[in-house]
Amino acid sequence: MKKLLLLLLVVSAYSCKTAQSTASKDNSDPSKYVKAISEKDLKKMLYTVASDEMEGRETGSAGQKKAGLYMIEQYKKSGISFPKGASDFYQPVPAAFMNSRRNQNLPDSENIWAYIEGSEKPNEVLVISAHYDHVGIKDGEVYNGADDDGSGTVAVIEMAKAFAKAKKEGHGPKRSILFLHVTGEEHGLHGSRYYSENPLFPIANTIADINIDMIGRRDVEHSNTNNYVYVIGADRLSSDLHNAVVAQNEKYIKMDLDFKFNDPKDPNHFYERSDHYNFAKNGIPAVFFFNGVHEDYHGKGDEPQKIEYDALTKRTKLAFVVAWDLANRENRPVVDKK
């Protein structure tokens, strides 16, 4: 009888421990990890990514490859690996693919990816994207592309570091996150198009794309403040995604959300001009964060000393809290629009 009682106590204790270990983590509040988004770290990384040493990061160039190695080094320092199912941090993008629509004599290049596996729904994947190429050297001048899109590049890395910290402390994302740095954007969104046609994870399992392209400056429409960001595309396919952006901003960031360029009739057509579009056209809800065009857009004056690092940090935090919500909510964003 005593042996039976002892056995029951052991089984009961084990069951309680197992239940506790498998219980859903409370990831309702990202506040602690928002604070891990560091203005100092963003600035340090951007001064490297957008330095003359990277030679303007032209698609497939030695300078772009050097920038890629630096980016991978940042992921490794944070203990973040390449995705499950990949052999390294690179997704090769062949020259033949990039030149198939309009031959610009582009060489082979590569997307760069990193990954944090979800704790509860690992097969559902959130993509956070930014392009890391720029336009290279023109007439002997290096076009460093600090805002376009050095700002988005370092934002994605910094967000990954914050998610890695959360995971280390037992609050990792419930869904998996793919941090995707794409090539060839300046020549026609080639890297994101390649990924969308050759996804590592099934498109059907991709719940959303958060795309970050130019978040370090201000445009003439906002000459008196940098406390804004343009939000493009969030409501085109999913009211859930739009509502998440609005709610998370209101709760944690309190930045002015400008939807001017989200108008389908807007003549700039920014919705079709950055990498989120290759997800959206495949039915994946996508949002594009953008600071608008300024006088140094695609110019040699797009330098890291002109970045407004307080704005870069705040916009990165906005993207992070939206990503946190999407990665941890009970249900993926519903596609309820066409």
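Predicted model only: the values in this text are computed from it and were never measured.
Counting heavy-atom neighbours within 6.0 Å of Lys306 NZ, excluding the residue itself, gives a total above 12. Surrounding NZ of Lys44 are at most 12 heavy atoms belonging to other residues, nucleotides or ligands under 6.0 Å away. For Asn224, the CG atom counts as loosely surrounded, since its 6.0 Å shell holds 12 or fewer non-hydrogen atoms of other residues, nucleotides or ligands. Counting non-hydrogen atoms of other residues, nucleotides and ligands closer than 6.0 Å to NZ of Lys300 gives a total of 12 or fewer. Around atom NZ of Lys121, more than 12 heavy atoms belonging to other residues, nucleotides or ligands sit under 6.0 Å away. Atom NZ of Lys35 has 12 or fewer neighbouring heavy atoms from other residues, nucleotides or ligands inside a 6.0 Å radius.
In this structure, Phe288 has its ring center no closer than 6.0 Å to that of Phe270. A distance of 6.0 Å or more separates the ring centres of Phe261 and His269. For Tyr195 and His181, the ring centers sit 6.0 Å or farther from each other. Remark: aromatic rings of Tyr90 and Phe82 are distant, center separation not under 6.0 Å. The ring of Trp113 has its center no closer than 6.0 angstrom to the ring center of Phe89.
Look at Lys65 and Glu110 and you find a salt bridge, because one of the NZ, NE, NH1 or NH2 atoms lies within 4.0 Å of a carboxylate O, short of that distance. In summary, Glu73 and Lys77 engage in a salt bridge, as defined by a charged side-chain N under 4.0 Å from a carboxylate O. Using a 4.0 Å cut-off between a side-chain N of Lys or Arg and a carboxylate O of Asp or Glu, Lys32 and Glu169 qualify as a salt bridge. Between Glu158 and Lys161 there is a salt bridge, since a side-chain N of the basic residue sits under 4.0 Å from a carboxylate O of the acidic one. Taking the charged nitrogens against the carboxylate oxygens, Glu308 and Arg217 have no contact shorter than 4.0 Å, which rules out a salt bridge.
Side-chain N or O atoms of Asn282 include one that pairs as donor or acceptor with a backbone N or O of Asn278 at under 3.5 Å. No donor-acceptor pair closer than 3.5 Å links the side chain of Asp302 to the backbone N or O of His298. A donor-acceptor pair under 3.5 Å is absent between the side-chain atoms of Asn205 and the main chain of Val125, judged by distance alone. One N or O on the side chain of Thr206 and one on the backbone of Pro202 form a donor-acceptor pair closer than 3.5 Å. Judged by distance alone, the side chain of Asp325 and the main-chain N or O of Ala244 form no donor-acceptor pair under 3.5 Å. Panel note: side chain Asp133, backbone Arg57; no donor-acceptor pair is recorded below 3.5 Å. Distance alone, capped at 3.5 Å, places no donor-acceptor pair between the Asp139 side chain and the Glu141 backbone.
If you chain together hydrophobic residues whose side chains sit under 4.5 Å apart, Val321 and Ile215 fall into the same group. Leu312 and Val156 fall within a single hydrophobic cluster, where Ile, Leu, Val, Met, Phe, Trp and Tyr side chains are chained together by heavy-atom contacts under 4.5 Å.
In this structure, Asp240 and Asn331 have side chains that are not in contact, with every pair of non-hydrogen atoms separated by 4.5 Å or more. Contact of the Leu200 side chain with the Gln91 side chain is not registered, since no non-hydrogen atoms from C-beta on lie closer than 4.5 Å.
Grouped by direct or indirect side-chain proximity (heavy atoms under 4.5 Å, Ile/Leu/Val/Met/Phe/Trp/Tyr only), Val220 sits alone. Hydrophobic clustering, defined by side-chain heavy atoms of Ile, Leu, Val, Met, Phe, Trp and Tyr closer than 4.5 Å, groups Tyr143 together with Val135.
Of all heavy-atom pairs between Ser38 and Asp41, the closest is OG-N, 3.0 Å. Residues Ser109 and Met98 approach most closely at CB-CE, 3.7 Å, considering heavy atoms. Considering every non-hydrogen atom in both Leu178 and Pro83, the closest pair reads CD1-CG, 3.6 Å. Of all heavy-atom pairs between Val142 and Gly56, the closest is CG1-N, 3.5 Å. Looking at every heavy atom in both residues, Lys25 comes nearest to Lys174 through O-NZ, 2.9 Å. Of all heavy-atom pairs spanning Val154 and Leu42, the tightest one is O-CD2, 3.5 Å.
Residues Asn111 and Thr183 bring no donor and acceptor atom of their side chains to less than 3.5 Å of each other. Between the side chains of Ser81 and Tyr115, no donor N or O sits under 3.5 Å from an acceptor N or O. Using modelled atom types and a 3.5 Å distance limit, the side chains of His131 and Asp148 yield a donor-acceptor pair. Checking Asp29 against Ser31 by side-chain atom types alone, a donor-acceptor pair falls below 3.5 Å. A donor and an acceptor atom, one from each side chain of Asp258 and His222, are located under 3.5 Å apart. A donor-acceptor contact closer than 3.5 angstrom links the side chains of Asn144 and Asp52. With hydrogens and angles left out, the side-chain atoms of Asn27 and His171 include a donor and acceptor closer than 3.5 Å. Counted by atom type alone, Asp275 and Ser192 present one or more donor-acceptor pairs between their side chains at under 3.5 Å. Using a 3.5 Å distance cut-off with no hydrogens or angles, the side chains of Asn291 and Asp147 do pair a donor with an acceptor. Under the 3.5 Å distance criterion, with hydrogens and angles disregarded, a donor-acceptor pair is assigned to the side chains of Lys314 and Asn227. Neither side chain, His294 nor Asp296, offers a donor N or O lying under 3.5 Å from an acceptor on the other.
Geometrically, Arg315 does not engage Phe289 in a cation-pi contact defined by less than 6.0 Å to the ring centre and at most 45° from the axis.
Considering CG of Leu46 and OG of Ser151, their distance stands at 7.0 Å, rounded to 0.5 Å. Separating the CG atom in Leu69 from the CE atom in Met54 is a distance of 8.5 Å, to the nearest 0.5 Å. Remark: Ser129 OG to Phe179 CZ distance equals 11.5 Å, nearest 0.5 Å. The CG atom of Leu318 lies 9.0 Å from the CD1 atom of Ile212; values are rounded to the nearest 0.5 Å.
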Verdict with supporting geometry, Asp235 and Asn262, side-chain hydrogen bond (donor to acceptor under 3.5 Å, both in side chains): CA-CA 9 Å; Asp235 68 348; Asn262 192 47; 2.8 Å; yes
Using the ring pair (Phe, Tyr, Trp, His ring centres under 6.0 Å) rule, take Phe290 and His276 through it: C-alpha gap first, then chi angles, then the decisive distance, then the call. CA-CA 12 Å; Phe290 177 51; His276 61 281; 9.7 Å; no
Determine, stepwise, if the pair Asn268 / Asp266 fulfils side-chain hydrogen bond (donor to acceptor under 3.5 Å, both in side chains). CA-CA 6 Å; Asn268 295 285; Asp266 179 70; 3.2 Å; yes
Test side-chain hydrogen bond (donor to acceptor under 3.5 Å, both in side chains) on Ser274 and Asp213 and set out the steps. CA-CA 7 Å; Ser274 193; Asp213 190 353; 2.8 Å; yes
Apply the test side-chain hydrogen bond (donor to acceptor under 3.5 Å, both in side chains) to residues Asp219 and Tyr230: give CA-CA distance (whole Å), side-chain angles for both, the deciding distance (0.1 Å), then the verdict. CA-CA 10 Å; Asp219 65 2; Tyr230 289 107; 2.6 Å; yes
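Taking the six-membered ring for Trp and thresholds of 30 and 60 degrees, Trp324 and Tyr33 have nearly parallel ring planes, at less than 30 degrees apart. The aromatic rings of Tyr309 and Tyr47 sit parallel, their planes meeting at an angle under 30°, below the 60° perpendicular limit.
Looking at Gln64, His187, His134 one by one, the single match for side chain to side chain donor-acceptor pair (under 3.5 Å) with Glu58 turns out to be His187.
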